[in-house]
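As a basis for the values below, the full set of heavy atoms in this structure was taken, side chains included, without hydrogen atoms, waters or symmetry mates.
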Amino acid sequence: GVMKDSERKVYGIGFELQYRAGKLTFRNATGYTGVNEKESPYGSFSDYTTMNPYLPYLDDDGTMLEIIPVPGSTDVPNPLYDATLGSYDKKKTEEFYNNFSVQYFLSQKLNFKATLALTRKIGNSSEYISPQAGKYATTTYKGELTLGDNSETSIDGSLFGYYNDIINSHNINFVFGVNLRERKNDEETYYLRDLPAGGFSSPQFAREMAKSPNAFGQTNRLFGAMMSLNYTYDNIYLMDLTGRLDGNSSFGSDSRFAPFWSVGLGWNIHKEKFAENWTWANMLKIRASYGMTGSQAFEPYQSIIMYEYYTQNRYRYNIGAMMMGLGNPDLKWQQTNQLNIGTDISVLGDRLALSANYYQNRSKDLLTDVTLPPSLGYGTYRENLGEIENKGYELEVRLGILKKKDLWLNLTASGIHNTNILKKISNSLEAWNQAQDKSDENLNVPKVRYIEGESINSIWGVPSLGINPANGKETYLAADGSLTDRWQAKDQRVIGCTDPDLEGNLGLNAGWKGLQLNLYFTYRIGG
């Protein structure tokens, strides 16, 4: 719930301008948005749920108690008293934006568009806790002040060309262009303490820094070039072609750029001349597509080694630096080759509709967090896992039971069967597996396994044959087939998989004179 006296105020102003001069069209949108937030001075709800309801919060004169006496136990601070001391926790965020675009209509068939978007966000926060608050009853310092500043600047520019034409039965749409983007974030936080009583919350009244300030900044840059072609012949034969080249500063220094592309074909059989008399078919379409997509699933700088200065202690007048994590200059884009073959069918006045697909997706250089031995000092680091294949089929069916003026009823069902296989692992992960098998450091701790030919969702375990009545110890089946009473991680094998054999949903949708009923069920079989 929302605590008393907390608030959030939003305000803003903006204007948009559009101007056309001959073949040129200019558009510009400028705006400002501000948000002021204030947390409740009454603290968190849990501060009150832990108090016994019979405890007094006022003395006999009706004055707010600073400390609540608890019969037979330790006295406790009164959270209501803290709310009267002028403590606060507030944030302010301001955003300025300007979006500019210019479009040049060379002809009815060809036009160009350039855009430039600038955004600047500024935020600051301040949290003041009065030195008279109950939490400082047993501390050597009284009062705290935390000040934070953050900012984000982004620049996004693009230049695109558009061509569309109809020549007899040929319909052509072609798009090409480039875009660039840069986003920069900066954060600073200062921690002060020991302030005088009386609501003196300005930083100049603090006696000392509670700890060293925290500062963080990052920059991400992206470049992309793309083209897309859509072609149809008489609305019967369909073709889509796309291509893109992307570069991103987040990736390893040796793998900045990656190309992506796709091709799709379709055939509207129900629009063929030989299907003109098919009164039962509203749609009969077959289609196929193949292409490569990509993604990034991590923040900037995870591909490089970063250091953090250790400012809490100094040696003479020098400070040291610590590695924050292991970098990976070979970290690549995650790429997925996708094959899809499907059909869309609608018959009997659209009373029965069916969509069926077979797909095969092979992901290359899949990004994952690899677990590291504790002796290295880091829990994980980012690595390209290798190749994973997901293939299967999916089916969607919609059946119209009733379709009248004031009454309708539809039944829907869908199902998907997916098989997941780790086809190939990277050389670094193969070395990781071998090191794990040879290491005695975590002999009795379950380990993450990356084994070719198995599902990434495999369940690993050591088979148990039960308790040996002779000695009361559990008997395990080792990897070499022998029996042992010692559990070892190297004896793990695949004993199951979380992938279901089939999963999907069932639904019912009904309506009568404006009233609607929707039921939705999910199911999962196997796994």
Side-chain angles (χ1 to χ4, degrees), residues 1-9 34-53 55-70 73-94 121-151 185-217 308-314 317 319:
V2 178
M3 294 294 289
K4 181 180 179 181
D5 291 345
S6 63
E7 64 180 27
R8 187 174 192 267
K9 296 181 179 179
V35 180
N36 287 341
E37 299 177 76
K38 185 178 72 172
E39 298 295 334
S40 170
Y42 290 90
S44 63
F45 188 62
S46 60
D47 294 336
Y48 300 89
T49 58
T50 56
M51 305 290 287
N52 289 323
L55 293 176
Y57 63 93
L58 300 175
D59 63 14
D60 296 338
D61 299 329
T63 305
M64 187 73 67
L65 287 170
E66 181 178 353
I67 301 295
I68 297 177
V70 181
S73 183
T74 305
D75 297 345
V76 295
N78 183 4
L80 282 174
Y81 176 79
D82 285 358
T84 67
L85 300 176
S87 300
Y88 57 80
D89 183 358
K90 53 188 178 181
K91 299 177 184 177
K92 182 178 182 180
T93 305
E94 297 178 293
K121 294 181 181 179
I122 302 173
N124 58 69
S125 62
S126 57
E127 181 181 6
Y128 165 69
I129 305 177
S130 169
Q132 296 170 287
K135 65 178 291 186
Y136 302 119
T138 59
T139 60
T140 56
Y141 61 91
K142 312 293 181 182
E144 291 173 275
L145 179 65
T146 303
L147 303 173
D149 291 292
N150 62 82
S151 65
N185 301 79
D186 289 292
E187 298 178 12
E188 291 182 351
T189 309
Y190 299 88
Y191 309 92
L192 309 172
R193 69 181 184 187
D194 229 351
L195 295 100
F200 295 94
S201 59
S202 178
Q204 69 199 60
F205 293 108
R207 188 177 64 86
E208 64 182 5
M209 302 284 287
K211 57 181 178 179
S212 297
N214 179 55
F216 173 77
E308 180 181 24
Y309 286 107
Y310 188 62
T311 57
Q312 304 304 315
N313 291 309
R314 299 169 183 260
Y317 298 103
I319 57 175

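Among all heavy-atom pairs drawn from Tyr136 and Pro131, the shortest one is CD1-O, 3.8 Å. Phe200 and Pro196 make their closest contact through CB-CG, 3.9 Å (heavy atoms, listed as atom of the first residue, atom of the second, distance). Between Ile129 and Ala133 the shortest heavy-atom distance is CG2-CB, 4.0 Å. The two residues Ser6 and Ser40 make their nearest non-hydrogen contact at CB-N, 3.6 Å. Residues Asp82 and Gln132 approach most closely at OD1-O, 4.5 Å, considering heavy atoms. Nearest heavy atom pair, residue Pro41 against residue Asp5, reads CD-CB, 3.8 Å.
The pair Arg193-Glu144 does not meet the salt-bridge criterion, since no charged nitrogen lies less than 4.0 angstrom from a carboxylate oxygen.
To the nearest 0.5 Å, atoms CG (Leu65) and CG (Asp60) are separated by 9.0 Å. In this structure, CG on Asn124 lies 7.5 Å from OG1 on Thr93, to the nearest 0.5 angstrom. We find the CG-OG1 distance between Leu192 and Thr146 to be 7.5 Å, quoted to the nearest 0.5 Å. To the nearest 0.5 Å, atoms OG1 (Thr189) and CD (Glu127) are separated by 11.5 Å. Separation of atoms CE (Met64) and OH (Tyr81) is listed at 10.0 Å; rounding is to 0.5 Å. Atom OH of Tyr128 and atom CG of Leu147 lie 12.5 Å apart (nearest 0.5 Å).
Looking only at side-chain heavy atoms (C-beta outward), Glu37 and Val35 come within less than 4.5 Å of each other. A 4.5 Å side-chain heavy-atom check between Asn150 and Asn185 finds every atom pair outside the cut-off. The shortest side-chain heavy-atom distance between Lys38 and Tyr88 does not fall under the 4.5 Å cut-off. Proximity of Asn36 to Lys90: side-chain heavy atoms (C-beta onward) are nowhere separated by under 4.5 Å. A heavy-atom distance below 4.5 Å is not found between the side chains of Tyr190 and Pro203.
Using a distance-only test at 3.5 Å, with no hydrogens or angles considered, a donor-acceptor pair links the side chain of Asp59 to the main chain of Asp61. With hydrogens and angles ignored, the 3.5 Å screen pairs no side-chain donor or acceptor of Tyr141 with any backbone N or O of Arg207.
Around atom OH of Tyr57, no more than 12 heavy atoms belonging to other residues, nucleotides or ligands sit under 6.0 Å away.
A cation-pi arrangement is found for Lys211 relative to Tyr191, the charged atom lying closer than 6.0 Å to the ring centre and inside a 45° cone about the ring normal.
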